[in-house]
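As structure tokens, the structure follows; a few thoughts come after it.
From a predicted model like this one, the values you see are computed outputs, not experimental measurements.
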Amino acid sequence: MTAADTASTGTPGTLYSRITDYANRPDPYPLYAELREHGVARQDDGSYLVGTHREIAALLHDPRISSDRRNRTVPDEVQGVPVAFIGRDDPEHERLRAIAMRPFGPPHAPGRVDAMHDEITAIADELIDGLRGRDRIDLVEDFAYPLPVTVICRVLGVPREDEPRFHTWSETLIEGFDPTPGTDPAERQRAALQARTEMGLYLGELAEARRGKPSDDMLSAFVNDPGPDGGFTPTELMATAVLLLIAGHETTVNLITNSALTLLRHPDALQLMRERPELMPGMVEEVLRYEPPVQLLPQRTALTDVEVAGVTVPKGQPLVLVLAAGNRDPLRFRDPDRFDPTRQDNQHLGFGSGVHSCFGAPLARIEGQIALTALIRRLDGPRLLQDPPVYRRSPILRGPRHLPLGVSGITD
């Protein structure tokens, strides 16, 4: 049964279970439309789903809404596991995020992302060069995964020979977020905890090896130039490094793959990008609205009773902000189900908003633009071999697990 089938047979209280049902991963948008009709939908488990743009945007800026799971009536945080700043509230969140931002962006390092343009372009071209002589490729395995994982490993300072180790670790961590009914959450969490621990210990040891030996990477900066307010504790450093590595490439994999899939489904838009590559930044923004890599935020909690669209969300109850539903809200976007790479006034929720807006958005944007520009320029006659493709398990970080394409050749 697909989303279109269940949209007319389900109830508001089962929307979350239907959205997270893997059978609906290829097309959850009818369910998102159903959610918008309800505005706020209380689920059978006591959580509240929000799917309208206005309400989501307001809640992302509302200090009464927490990102810290410890504030839930029934806390669900795994004890003993260090949590990065994305799962904390101010002032703790603000302190940790400021330390992480210091070597990554303005005002202390305003040129870091822009300075990577040539290196990212070279990585993209090298990956495409490796496809010569083939008439079939898997865009995920051959390009969309290795590009951003290579980039974020180099940003952090991971040696190139160790980059492959992060594929298994990151896949296991992402599977830990999967709330698909019928799967064993305890086993997923156990495996995710082990992967997170191993990755954290590796990155922590790598950072410590750089102490007193500064180099031009973020791990080195964390231990050698922490800033005027002090640096991370060892536990905070490990948690932050894991967050940056996972968030720095998993969402970008989906952004690249969702963009390619969308363009191949819309030949007119693909032709427009070939003829007018200067429109690429706007195209990436439209994909972030139309097929966002992060579909929903399940970790928000009301710190007090909060009224949302006429519904009172009690203190301590979970809030699930369905960003992808807000991105297609007809009250905010004209003709929202139409993919329009020239769309103006595109204030999407693809990177969230407020104090927890995506830390790596500038890097993800430039990676997406460079990757899609290279693919459009160099893949001759690309065509989908499977539509819909096989999707990843996660309803949160939604994107194809594989995207098989036929190609006529590779151009210079």
Side-chain angles (χ1 to χ4, degrees), residues 112-168 170-171 216-217 245 248-265 267 269-281 283-284 287 293 360 362-386 389-390 399-412:
R112 176 178 287 274
V113 172
D114 287 342
M116 295 192 67
H117 188 282
D118 290 347
E119 184 174 12
I120 297 171
T121 300
I123 295 169
D125 281 330
E126 181 180 347
L127 289 169
I128 295 175
D129 285 338
L131 305 177
R132 291 183 184 277
R134 296 170 54 180
D135 60 6
R136 179 187 175 111
I137 66 173
D138 179 347
L139 191 70
V140 177
E141 292 292 331
D142 295 328
F143 185 82
Y145 178 82
L147 188 148
V149 76
T150 300
V151 170
I152 195 62
C153 281
R154 293 184 188 177
V155 168
L156 288 171
V158 174
R160 296 190 184 188
E161 62 269 21
D162 288 345
E163 290 174 6
R165 302 174 63 179
F166 289 90
H167 192 172
T168 301
S170 61
E171 284 292 326
D216 186 25
D217 59 71
L245 199 143
H249 84 272
E250 287 294 340
T251 54
T252 310
V253 173
N254 286 351
L255 173 58
I256 294 170
T257 313
N258 288 346
S259 296
L261 176 60
T262 301
L263 286 173
L264 289 169
R265 285 172 168 172
L270 177 56
Q271 185 60 32
L272 179 64
M273 289 300 104
R274 288 194 178 109
E275 295 171 353
R276 299 186 60 191
E278 73 274 10
L279 296 177
M280 184 59 70
M283 193 286 295
V284 169
V287 172
L363 181 58
R365 282 186 164 104
I366 195 171
E367 286 183 84
Q369 293 168 23
I370 291 172
L372 270 296
T373 298
L375 289 171
I376 291 171
R377 178 173 58 87
R378 301 199 58 196
L379 294 190
D380 183 19
R383 55 198 179 278
L384 294 172
L385 296 180
Q386 182 179 2
V390 174
R401 177 62 185 85
H402 298 283
L403 189 62
L405 301 181
V407 294
S408 301
I410 305 298
T411 64
D412 292 327

Exercise. Pick from Leu261, Leu255, Val253: which one makes a side-chain contact (heavy atoms from CB on, under 4.5 Å) with Thr257?
Worked result: Val253
Exercise. Does CZ in Arg383 sit with more than 12 non-hydrogen atoms of other residues, nucleotides or ligands closer than 6.0 Å?
Worked result: yes
Exercise. For atom CD of Glu141, is the number of surrounding heavy atoms from other residues, nucleotides or ligands below 6.0 Å larger than 12?
Worked result: yes
For this session: Considering non-hydrogen atoms only, spot the tightest contact between Leu384 and Leu405 and give its length.
Result: CD2-CD2, 3.7 Å
Exercise. How far does CG of Leu270 sit from CZ of Arg265, to the nearest 0.5 angstrom?
Worked result: 14.0 Å
Problem set entry | Within 6.0 angstrom of Asp216 CG, more than 12 heavy atoms from elsewhere | no
Exercise. From Arg276 CZ over to Leu272 CG, what is the distance, rounded to the nearest 0.5 angstrom?
Worked result: 6.5 Å
Exercise. Got Thr150 and Leu127 here, is their nearest side-chain heavy-atom distance under 4.5 Å?
Worked result: no
Exercise. CD of Glu367 to CD of Gln369: how many Å apart, nearest 0.5 Å?
Worked result: 10.5 Å
For this session: Please step through side-chain contact (heavy atoms from CB on, under 4.5 Å) for the pair Ile376 and Met280, ending with a clear verdict.
Result: CA-CA 11 Å; Ile376 291 171; Met280 184 59 70; 3.7 Å; yes
For this session: First locate atom OG1 of Thr121, then atom CD1 of Ile370, and finally report the distance between them rounded to the nearest 0.5 Å.
Result: 4.0 Å
Problem set entry | Which atom of Val140 lies closest to which atom of Pro400, heavy atoms considered | CG2-O, 3.6 Å
Problem set entry | Chi angles and distances behind the side-chain contact (heavy atoms from CB on, under 4.5 Å) call for Met273, Leu372 | CA-CA 9 Å; Met273 289 300 104; Leu372 270 296; over 6 Å; no
For this session: Kindly compute the distance separating CG (Leu156) from CG (Asp217), expressed to the nearest 0.5 Å.
Result: 8.0 Å
Exercise. Hey, mind stepping through Asp138 and Arg401 against salt bridge (charged side-chain N to carboxylate O under 4.0 Å, His left out) and telling me if it holds?
Worked result: CA-CA 10 Å; Asp138 179 347; Arg401 177 62 185 85; 5.6 Å; no
Problem set entry | Heavy-atom pair with the smallest gap, counting every atom of Phe143 and Ala124 | CE1-O, 3.6 Å
Exercise. Can you tell me how far CD1 of Ile256 sits from OG1 of Thr251, rounded to the nearest 0.5 angstrom?
Worked result: 9.5 Å
Seminar exercise, completed: For Thr411 and Arg377 the tightest heavy-atom approach is OG1-O, 3.0 Å
For this session: Would you please test Asp129 and Arg378 for side-chain contact (heavy atoms from CB on, under 4.5 Å) and show each step?
Result: CA-CA 9 Å; Asp129 285 338; Arg378 301 199 58 196; 2.6 Å; yes
For this session: Verify side-chain contact (heavy atoms from CB on, under 4.5 Å) between Leu363 and Ile120, making sure each step is shown before the conclusion.
Result: CA-CA 10 Å; Leu363 181 58; Ile120 297 171; 4.1 Å; yes
For this session: Kindly give the heavy-atom pair with the smallest separation between Ala374 and Asp125, and that separation in Å.
Result: CB-OD1, 4.4 Å
Exercise. Any chance CG of Asp162 has more than 12 other-residue heavy atoms, nucleotides or ligands included, within less than 6.0 Å?
Worked result: yes
For this session: Please tell me if the side chains of Arg136 and Pro404 come closer than 4.5 Å, counting only heavy atoms from C-beta onward.
Result: yes
Seminar exercise, completed: Leu245 and Val158 have their tightest heavy-atom pair at CD1-CG2, 4.5 Å
